[in-house]
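A quick write-up on the structure given underneath.
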Amino acid sequence: MEVFTDRYFMNEALKEAKKAFENDEVPVGAVVVVHDQIIAKAYNQVELLKDPTAHAEMLAITSAANFLGSKYLTDCTIYVTLEPCLMCASALFWSKISRVVFAAADDKNGYMRFGKGVLHPKTKVEYGLMEPESRVLLQSFFEQKRKQG
């Protein structure tokens with residue numbers, strides 16, 4: 001039995017998204033993995049840091065680059081619970097990340113609206129893994145926000 005599967009790592013990203021939810025942030029989580037080892041974990045911290053760039057992916061990219069001592073993440077995979085926005089996809093482009101795996105599509109703000117060409121040509125993309133779990137968390141968050149007015 002293989003322990004370190006895409007599902008395992010996406011579940012770790014989902015745990016990060018739940019931390020964001022608990023901290024009243026849009027519940028998005030990300031983990032960066034190299035050779036079956038998580039080297040970075042992050043969740044959205046836009047409100048906490050009062051920084052519009054503090055998306056889970058941006059924080060995870062920075063942490064992974066610091067861990068590796070390199071601006072390139074060429075042997076890495078990022079698992080993220082929501083399709084990256086254009087800003088995050090651009091950062092992923094510049095990091096030359098090998099693979100992006102995301103759970104839920106973001107029809108409104110996702111980078112795919114602009115085409116897969118936003119990412120580095122060598123970056124592989126997979127999506128839909130654990131989409132229902134991610135979607136439920138996001139919907140719960142925004143329902144709660146609407147009730148609060």
Side-chain angles (χ1 to χ4, degrees), residues 2-131 133-138 140-142 145:
E2 188 177 345
V3 176
F4 299 115
T5 62
D6 285 345
R7 181 169 286 279
Y8 171 84
F9 292 119
M10 185 61 77
N11 192 56
E12 293 300 306
L14 199 55
K15 288 178 186 176
E16 293 298 306
K18 289 175 183 172
K19 290 178 188 175
F21 186 95
E22 291 164 7
N23 287 291
D24 204 30
E25 299 274 359
V26 175
V28 178
V31 298
V32 178
V33 175
V34 63
H35 307 302
D36 289 338
Q37 178 186 358
I38 295 173
I39 60 169
K41 293 181 179 185
Y43 57 89
N44 275 1
Q45 296 183 41
V46 171
E47 301 301 326
L48 174 70
L49 300 176
K50 303 200 179 352
D51 178 355
T53 69
H55 290 194
E57 302 95 320
M58 300 294 281
L59 297 171
I61 290 166
T62 299
S63 181
N66 287 337
F67 179 88
L68 295 172
S70 173
K71 64 183 179 180
Y72 296 124
L73 305 178
T74 51
D75 293 328
C76 298
T77 297
I78 189 167
Y79 295 85
V80 61
T81 58
L82 182 65
E83 176 185 344
C85 70
L86 189 57
M87 172 185 68
C88 293
S90 295
L92 290 165
F93 172 91
W94 291 110
S95 77
K96 298 183 180 182
I97 198 154
S98 293
R99 192 164 158 247
V100 175
V101 180
F102 66 86
D106 185 347
D107 296 334
K108 185 177 175 189
N109 295 310
Y111 80 94
M112 292 289 276
R113 289 181 44 210
F114 303 94
K116 187 181 178 272
V118 172
L119 295 176
H120 193 275
K122 293 183 180 178
T123 299
K124 293 176 176 52
V125 177
E126 295 172 40
Y127 55 91
L129 178 64
M130 299 182 72
E131 186 273 340
E133 295 90 332
S134 179
R135 179 83 47 218
V136 164
L137 191 61
L138 287 157
S140 297
F141 177 80
F142 287 111
K145 285 292 179 193

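Between the SG atom of Cys88 and the CD1 atom of Ile78 there is a distance of 8.0 Å, given to the nearest 0.5 Å. Annotation: the span from Ile38 atom CD1 to Thr77 atom OG1 amounts to 11.5 Å, rounded to 0.5 Å. With values rounded to the nearest 0.5 angstrom, Leu82 atom CG is found 5.5 Å from Leu138 atom CG. One distance of note links OH of Tyr79 with CZ of Arg99; it measures 4.5 Å at 0.5 Å rounding. Met58 CE to Leu92 CG: the interatomic distance, rounded to the nearest 0.5 Å, is 8.5 Å. In this structure, CD1 in Ile97 is found 10.5 Å from CG in Asp75, a value given to the nearest 0.5 Å.
Side chains of Val26 and Phe142 form a contact here, defined as non-hydrogen atoms less than 4.5 Å apart. Counting heavy atoms from C-beta on, the side chains of Phe67 and Gln37 come closer than 4.5 Å. Annotation: side chain of Asp24 is not in contact with side chain of Glu47 (no heavy-atom distance under 4.5 Å). Taking the side chain as every heavy atom from C-beta outward, Arg7 and Leu129 approach each other to under 4.5 Å.
A donor-acceptor pair under 3.5 Å links the side-chain atoms of Lys116 to the main chain of Thr123, judged by distance alone. In terms of modelled atom types and a separation under 3.5 Å, the side chain of His120 and the main chain of Lys122 share a donor-acceptor contact. Distance alone, capped at 3.5 Å, places no donor-acceptor pair between the Thr81 side chain and the Ala13 backbone. Side-chain atoms of Asn44 do not come within 3.5 Å of backbone N or O of Glu25 as any donor-acceptor pair.
Between Met10 and Ala103 the shortest heavy-atom distance is CE-N, 3.7 Å. Shown here for Ala40 and Ala60, the closest heavy-atom pair between the two residues is CB-O, 3.4 Å. Nearest heavy atoms, Tyr43 versus Asn23: OH-ND2, 3.7 Å. Shown here for Leu119 and Phe93, the closest heavy-atom pair between the two residues is C-CD1, 3.5 Å. Closest of all the heavy-atom pairs between His55 and Val46 is CD2-CG2, 3.7 Å. Looking at every heavy atom in both residues, Ala54 comes nearest to Leu49 through CB-CD1, 3.9 Å.
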Show me the donor-acceptor pairs, under 3.5 Å and distance only, between side chains in residues 105-113 and residues at least two apart or in other chains.
residue : atom : partner : partner atom : Å
Asp106  : OD1  : Lys108  : N            : 3.2
Asp106  : OD1  : Asn109  : N            : 2.9
Arg113  : NH1  : Lys108  : O            : 2.7

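Other residues, nucleotides and ligands contribute at most 12 non-hydrogen atoms within 6.0 Å of the OH atom of Tyr127.
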If you apply the rule side chain to side chain contact (heavy atoms under 4.5 Å, CB included), what do you find for Val32 with Ile61, and how did you get there?
CA-CA 7 Å; Val32 178; Ile61 290 166; 5.5 Å; no
Apply salt bridge (Lys or Arg N to Asp or Glu O under 4.0 Å) to the pair Lys19 and Glu22, showing each step before the final yes or no.
CA-CA 5 Å; Lys19 290 178 188 175; Glu22 291 164 7; over 6 Å; no
